[in-house]
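Everything on this sheet refers to the single structure shown next.
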Amino acid sequence: GNCYDDTKDRFTAPVAREYNFSVSVYVDTPSAVNAMTYYLFLYLNGEEHSLLSQITINGSVTLTGSVTLKLGASSYVEIFLFGPNAKIFGNDTEGAHQTWFSGHLVYPIL
C-alpha cells in the first residue's frame with residue numbers, strides 16, 4: 001500500500017494490527033583494513049526495538065532480518081544500519097536490488 005513515507009524513510013501503520021517487516025542491506029567496505037562490526041536495527045516510534053542482524057567482517061556482506069510486531073495506528077518503523085566506513089548499495093550495474101525493505105499486514109489484533 002502507501003504506508004512507506006520515502007520523505008521520512010519510515011513505514012507508518014494505517015491501522016492497529018500485527019505486521020511483519022523484512023529487510024536486507026548490502027554493505028561494502030572497500031577500504032577496510034581490519035574487520036568491522038555492523039548492526040542492523042529496527043526502531044519503533046523513534047526508539048530502538050530489535051536487533052535484526054549483527055556481523056563482523058572485512059569486505060562486503062548482506063545483513064538480513066525479519067520481525068513481526070503489534071503496532072498501533074500511526075506507529076512507525078524505521079531501519080538503521082550502524083557501523084564504520086560502510087557504503088550501502090541499492091542496485092548494481094545490472095539493476096538487481098541488493099538493499100530492500102518490506103512491511104506487511106499479517107492479521108488483525110483480536
Minimum heavy-atom distance between [X] and [Y], given as atom pair plus value:
X   : Y   : result
E78 : K8  : OE2-O, 4.3 Å
V61 : L63 : CG1-CD1, 3.7 Å
A73 : P14 : CB-O, 4.1 Å

Between atom [atom1] of [X] and atom [atom2] of [Y], what is the distance when rounded to the nearest 0.5 Å?
X   : Y   : atom1 : atom2 : value
R17 : L71 : CZ    : CG    : 11.5 Å
F21 : L69 : CZ    : CG    : 6.0 Å
R10 : I79 : CZ    : CD1   : 12.5 Å

Using side-chain hydrogen bond (donor to acceptor under 3.5 Å, both in side chains) as the criterion, list what pairs up with D5, not counting sequence neighbours.
T7
Counterpart residues, side-chain hydrogen bond (donor to acceptor under 3.5 Å, both in side chains), relative to T12 (two or more places apart)
none
Same cluster (ILVMFWY, side-chain, under 4.5 Å), L81 and Y4:
yes
List in chain and number order the residues that pass ring pair (Phe, Tyr, Trp, His ring centres under 6.0 Å) with Y19, two or more places apart in sequence or in another chain; answer none if no residue qualifies.
F11
In the structure I gave you, are the side-chain heavy atoms of Q54 and T37 within less than 4.5 Å of one another anywhere?
yes
Considering only distance and modelled atom types, tabulate donor-acceptor pairs under 3.5 Å from the side chains of residues 39-52, sequence neighbours left out.
residue	atom	partner	partner atom	Å
N45	OD1	Y76	N	2.8

Residues in side-chain contact (heavy atoms from CB on, under 4.5 Å) with S22, at least two apart?
N20, S66, W100, S102
